[in-house]
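Step one of this worksheet: look at the structure below.
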Number of protein chains: 2
Amino acid sequence: MNLLNEIGEDFPEAISFAAGKPFEGFLSLDSVHEYLDAFRARLTGRLGMSEEQVARRVLQYGSARGIINDLVARHLEVDERIRVSPEEIVVTSGCQEALYLVLRALRGRSGDAVLTVRPTYSGLDAAAQLVDMPVLSVDEPADGIDGAHLTRAVDEARGQGYRPRALYVMPDFANPTGRSLTLEARESLLAAAAECGILLLEDNPYGNFGPEGEHLPTLKSLDQSRCVVYLGSFAKSGLPGARVGYVVADQNVTEGDRSGSLLADQITRLKGMLSINTSPIAQAVIGGKILLNDFSLRRANERERAVYQENLECLLVSFEENFPEVHGERLHGVSFNTPRGGFFISVTLPFASTDDILRLCGEKYGVLWTPMHHFHGDGIPRNEIRFAFSHLSREQIRLGVQRFSAFVADHADR
Amino acid sequence: MNLLNEIGEDFPEAISFAAGKPFEGFLSLDSVHEYLDAFRARLTGRLGMSEEQVARRVLQYGSARGIINDLVARHLEVDERIRVSPEEIVVTSGCQEALYLVLRALRGRSGDAVLTVRPTYSGLDAAAQLVDMPVLSVDEPADGIDGAHLTRAVDEARGQGYRPRALYVMPDFANPTGRSLTLEARESLLAAAAECGILLLEDNPYGNFGPEGEHLPTLKSLDQSRCVVYLGSFAKSGLPGARVGYVVADQNVTEGDRSGSLLADQITRLKGMLSINTSPIAQAVIGGKILLNDFSLRRANERERAVYQENLECLLVSFEENFPEVHGERLHGVSFNTPRGGFFISVTLPFASTDDILRLCGEKYGVLWTPMHHFHGDGIPRNEIRFAFSHLSREQIRLGVQRFSAFVADHADR
């Protein structure tokens, strides 16, 4: 994504729908002090630790598995009805490190591969590349992947000599498409994974950001056969600057010299080898936020959720207005999906989008977005692009879509 | 090192010379608040940023290269006379991650290998294992490695079909031996590395902890031909709980599709793939400590340095007393080296040390240490063991060595 960052820096005046950053309006450095104090108060109060013990816990080297695993476990129970023990959780330096560690743990022998829906979060490709693990794509239909797709993909991969270890999937408001899986699709995916003997790597950074009362159960909360490894991020629901994430891995390892141990144990060992332990100071910050919100990050993010929902509505209305439908087709043949939440929508252009066209759009029209080929891992230009609306004001969104429509008008004719 | 941690947990009453942790007596959570405030004050004051901009810098996603690179560069100039630009530095989630990233960047093709002095820091073996990179050992004589050893090792490795990319070395008070390289050895290593066309990976966590006025120049400060990649840790001189380290990589990449770019650029790209960026909150904590000490972590660690020096003297005196020299040989044939600083000494027993013997020593004699085979990467028991004295009181040290001498007396007779 370096290129995209560079394009962003080259056109600082452009309105950027490119970066999927959390909203910044509520960020305050004071909160860090408050969170640290809340974490300290728990250690000295409830756990009866002395100030020296607190200092050691937060400032010395710490456990490779983490120091807030009990708080994360409680949060998962409160917000997601996921019931796991603290030992089944490994706290990591952001969710990206968790993704790397899981793939590194799953890469046992030559031919081991990871499946992913396409398009997918580009961090999956990055982690797999570091681990030297092939990524096998499963093209996702517009209404989402299900168990039948998974079974077919596994059979095909095995036919080609691969051993697919897991399917990477973001069931709620996925990056980059904004898509969500239905409850039926979730259940059929779980059944297919258990049947095929592969894992589901469920990544859930955006699940908090849908409409009130429409929250579907995560795969992990439905998981009866321990086939879901759950990847958790605090970048969107905690604080991006803490860089704290985690993985829930309650599976038993069935092969190699670690056979019989917990996958979380194996990941903890790899975590120690990679970065010793996750900053206990950063963990204390997130731990304090969890504590101050009675273990519910859903509750902690009510204000942010409202912003994202309003931004989403504003973006969709702006698209409706700028690309009106006439005789069943939108102006210039543009189409877009209408997710119920998250940070992203997917827009289809009447022409293929490249990084050069993006650069031109930034320079001449003052608006940026992300060509979808960055999420396909193959570099082939596609007509789809990603619009992120999470960190913009509604004024920026309205103006940005206007600018974008001028760009499309000029280019659709060519 | 999991086994060692477990042994430590099994015998909590034992005096542990096993863990090379920093001294805990001066740790205080209040310092974290002070450091954060100092960093904030610099941004709002000297850099003229608004509170919103500060919040964004510290709490939002940040640059993969880091947000305190200018402060680290200034610190390196003040404390080590190393002159590099902020862009030549990549801030990492602890020095261990830096080590991983450097090896991952250097691993270009099959046969690429890293050389290391033996015994060596076990994190080097861990990082190389994650990267699937062979580690070739260079047995270090008691008075340290020099350029001739390096040239021989490179020739031998090349004769075996390897392409050695770098030599990993800790020139100051090395973990695990406590050894330091003379100025002559440093200069001959630099000449040999330039001559052989390989890099030196200089790891310097303990350089601050020698006697006043005896500080030898780092390899990097002597480096005329950009053959030193410098690995920096803030775990001992900053705060372990921040988990912030860095790498200085001012080399030009000479092969592959990144040819012509800076090695620091390549490492930054890999850092983004592995963990996006290092926690800006944790960086702000370290940045604040650097600022509050006028860029000198040497100055910031005067108290700690005094403790380590007193502990070292106490340990050596205790060994002298418990293993007196008679007719040119110490009691039970024990010997030990006498570093001038750092966290460690190396002790030689009249018998081979295994993890089982360590466990027995912890259980029966109430004292723990580290068998040297953990730093050889081959698991073969050796007569050497490592004693870490950094986090103990002098009372613990005296009592611990007494206990240790009882253990040796019982076992030397067998």
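All chains are named by letter (A, B, ...) in the order of the sequence lines, taking the proteins before the strands, and each is independently numbered beginning at 1.
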Mind telling me whether Tyr308(A) and Phe23(A) have parallel, tilted or perpendicular rings, with 30° and 60° as the class edges?
perpendicular
Between the side chain of Thr370(A) and the main-chain N/O of Ala18(A), is any donor-acceptor distance below 3.5 Å?
yes
Pick whichever of Ser93(B), Ala242(B), Ala98(B), Gly272(B) has the most heavy-atom pairs under 4.5 Å with chain A.
Ala242(B)
Can you tell which part of Val244(B) gets under 4.5 Å to a heavy atom of chain A, answering side chain, backbone, both or neither?
neither
Counting only N and O atoms by type, is there a donor-acceptor contact under 3.5 Å from the side chain of Asp37(A) to the main-chain atoms of Glu34(A)?
no
Main-chain N/O of Val91(A) paired with Arg65(A) side-chain donor or acceptor, under 3.5 Å:
no
Any Leu274(A) side-chain heavy atom under 4.5 Å of Leu101(A) side chain
yes
Quick check: do Leu99(A) and Leu124(A) have side-chain heavy atoms less than 4.5 Å from each other?
yes
Chain B heavy atoms under 4.5 Å from Glu52(A): which part of the residue, side chain, backbone, both or neither?
neither
Gln283(B), part contacting chain A, at a heavy-atom distance under 4.5 Å:
neither
Give the member of Leu27(B), Ile276(B), Leu130(B) that has the highest number of heavy-atom pairs under 4.5 Å with chain A.
Leu130(B)
From CA spacing to verdict: ring pair (Phe, Tyr, Trp, His ring centres under 6.0 Å), Phe344(B), Tyr206(B):
CA-CA 10 Å; Phe344(B) 311 106; Tyr206(B) 307 107; 5.4 Å; yes
Side chain, backbone, both or neither: which part of Val58(B) has an atom under 4.5 Å from a heavy atom of chain A?
both
Among the options Arg104(B), Lys21(B), Arg57(B), Gln129(B), pick out the one with the most heavy-atom pairs lying under 4.5 Å from chain A.
Arg104(B)
Chain A contact via Thr92(B) - side chain, backbone, both or neither, heavy atoms under 4.5 Å
neither
Leading residue by heavy atom contact count with chain A [cutoff under 4.5 Å; candidates Gly25(B), Ser28(B), Ala19(B), Ala127(B)]:
Ser28(B)
Let's test your reading of the structure: which of Glu97(B), His391(B), Gln96(B), Glu51(B) forms the most heavy-atom pairs below 4.5 Å with chain A?
Gln96(B)
Out of Leu239(B), Val54(B), Leu270(B), Leu29(B), return the one with the most heavy atom pairs under 4.5 angstrom to chain A.
Leu29(B)
If I measure from the heavy atoms of chain A, does Asn277(B) come under 4.5 Å with its side chain, its backbone, both, or neither?
both
Taking side chain as everything from C-beta outward and backbone as N, CA, C, O, which of these in Tyr61(B) sits under 4.5 Å from a heavy atom of chain A? Side chain, backbone, both or neither.
both
I want to check something: taking the side chain as every heavy atom from C-beta on, are His374(A) and Ser122(A) in contact at a cut-off of under 4.5 Å?
no
Which atoms of Asp30(A) are under 4.5 Å from chain B, going by heavy atoms: the side chain, the backbone, both sets, or neither?
both
With a 4.5 angstrom heavy-atom cut-off, which part of Gln60(B) approaches chain A: side chain, backbone, both or neither?
both
